[in-house]
Amino acid sequence: MPHRHLFRNLIAAAATTGIVAGSLGVSAAPAHAVAPEDGTVIQLADGSYLPIVPVTGHPGVAAVGYRVSGGQLRAYDQDGVQLWARSTTGTQLSGGYDFDADGWPDVAVTISANTGSTCGVSPLTTTTLHFYQGATGTQHTPLSPMNDICWSFPGTTPYPTHQWSELAPLWGDETSTLFTSPYYATTSWYLGFGGGSFNTAGALYYPSTSSYDSTYTNAQPNTYPTGTDYIQYAHVANGLITSVSGQNRAVFWTSGRVVQYSIGALSSGQLVADRPYLTGGRTDIAGRNYGLVGVDPGSPNSVVLLSGTSNYSLYQDAITGTQSYDQWGGIERHVSVYNAAANTVDDRFFSYAHDASDGHKYQNRVSYPAHPFVQRSGASRLAYNVFRDGRWRLHVSQPGSTASLYELDDVFLWDIVDVDGDGTQEWLISPTRNAGDPLGPAYYFPKWQTGAYHWNESALTLTSIATFTDAIPYLQRTFTTANTTSSDGSLAAAHVVADGGVRELLVRTSSGAVQRRTL
């Protein structure tokens, strides 16, 4: 039985008695001096903030950030100095991987070009991925352009789907190899890099055609009564490259299953494991597995899927005051813990947006932070949000499980980050309903107040550290990481700027101002 009251009392007490930091000049001394590059964002000369990624092994350059604007891809160092610029017509970025293994995070841009044809009322395009080496900006185009797919269903307007996008490159920390897959793939490719250029390090058949069935010994029947292993038009790979039982593998979710492939040449044994399943056992839904995928830092063979919407959705809705940013919220909302070594899944179904004649867009809606793991000795807990019966609940799971230890009413967890650099992570939580408010279905939007809390694993409690008035964390989309990715092609993290030896949390106020606040 989830222990809701203990949490609720802690949050309510913190909202009325917590320390107000930053804006009132009350702050704790930093635990140790920090250098500017220890932050996750820098402020550029125009006043905007740019997410950065660490650079290793290059004295003078500790971090790099990338921005596409005005037809230019630009790279900046940790001091905001422009390192290089390249002309581009693209707007979609992916990156953070190091395909040339030189210590510089690299980046890719997706380019679209009209074909002159239309799909319904939309132009058809070709899409191409251009990769850039972080150190020099040298461009590489190892993959051929691909045409959009035009979808036409009875009673609907035809629409196109791009094949290459920021979702295409998947990666991990064990290898510089990239796994590249079109949105609706039939074949996917491993890309290596050597001698100044890309090379094909292998290929695989995607679980979307009969080649999957006829080639792979370990292919399993899908959970629909089709009589095949594959599912036609299986959706985009959502996963990463990680080490399982000492072997680097591509582990990813697609329609109705999670799979593992070894890295290398195509062969009958290349598919190491296939685990078909449908959340809630429902064959009336499409088996979507969109959302965040992360490797449990305390149990590396456990790969977690939080299927729903990013916290960036509520952040945008809070700014506009409308429930409009991502109304479908991942469509099929569930949480899965995949034991890659045993090829087993612990899955918890929450909702399907199209139930009740599309009436469940928000009922049992799962919203996940960029950093959902509550680290401890051994398997981690998971922390995420669920909107049910008109109110948010913060779920904290049992270790390595989908079962909830706690469900805390009327609060929303934005992220779990180490704000002050002392090695202890802060939970950034906003109330969504005050203690004196009447109960009712009107508490989707967060209050413009955020508390910082510390989790005590021994006592299983949250302790208030500070309260930021008129503020929610300033979320920005950033690159995925070696251990955490998403079907958005990005993560929406809370950010810290380090300046003059002090780390400060970036927040947004109700008036739209971006400010720095200290603990």
Do you know which two heavy atoms are closest between Asn238 and Ser487, and how far apart they sit?
OD1-N, 3.3 Å
Exactly one of Val304, Asn343, Asn301, Asp347 should register a side chain to side chain contact (heavy atoms under 4.5 Å, CB included) with Tyr338. Which one does?
Asn343
Ser307 vs Trp253 side-chain heavy atoms within contact, under 4.5 Å
no
Report yes if some heavy atom in the side chain of Arg508 is under 4.5 Å from a heavy atom in the side chain of Tyr315; otherwise report no.
yes
Can you confirm whether Tyr325 sits close enough to Ile319 that some side-chain heavy atom of one is under 4.5 Å from a side-chain heavy atom of the other?
no
From the options Ile416, Leu505, Val496, Asp420, select the one residue that forms a side chain to side chain contact (heavy atoms under 4.5 Å, CB included) with Glu426.
Asp420
Between Phe99 and Phe193, what is the ring plane arrangement, given parallel below 30°, perpendicular above 60°, and tilted in between?
tilted
Is the shortest heavy-atom distance from the side chain of Arg288 to the side chain of Tyr352 under 4.5 Å?
yes
Would Ser176 and Asp98 count as having a side-chain donor-acceptor pair, cut-off 3.5 Å?
no
So the disulfide bond (SG atoms under 2.5 Å apart) pairs with at least one residue in residues 86-123 (sequence neighbours excluded) are Cys119-Cys150
Do Tyr277 and Ser336 pair up side chain to side chain, a donor and an acceptor below 3.5 Å, judged on atom types alone?
yes
For this output row, return yes or no: ring centroids of Tyr261 and Tyr216 closer than 6.0 angstrom.
yes
Would you call Tyr184 and Val236 a side-chain contact if the rule is heavy atoms closer than 4.5 Å?
no
Any Thr141 side-chain heavy atom under 4.5 Å of Leu143 side chain
no
Got Gln247 and Ser262 here, is their nearest side-chain heavy-atom distance under 4.5 Å?
yes
Between Thr127 and Ser112, is any side-chain donor less than 3.5 angstrom from a side-chain acceptor?
no
Is the distance between the ring centroids of Tyr206 and Phe252 under 6.0 Å?
yes
Ring-ring centroid check Trp151 Tyr233, cutoff 6.0 Å:
yes
Does the gap between the ring centers of His354 and Trp328 come in under 6.0 Å?
yes
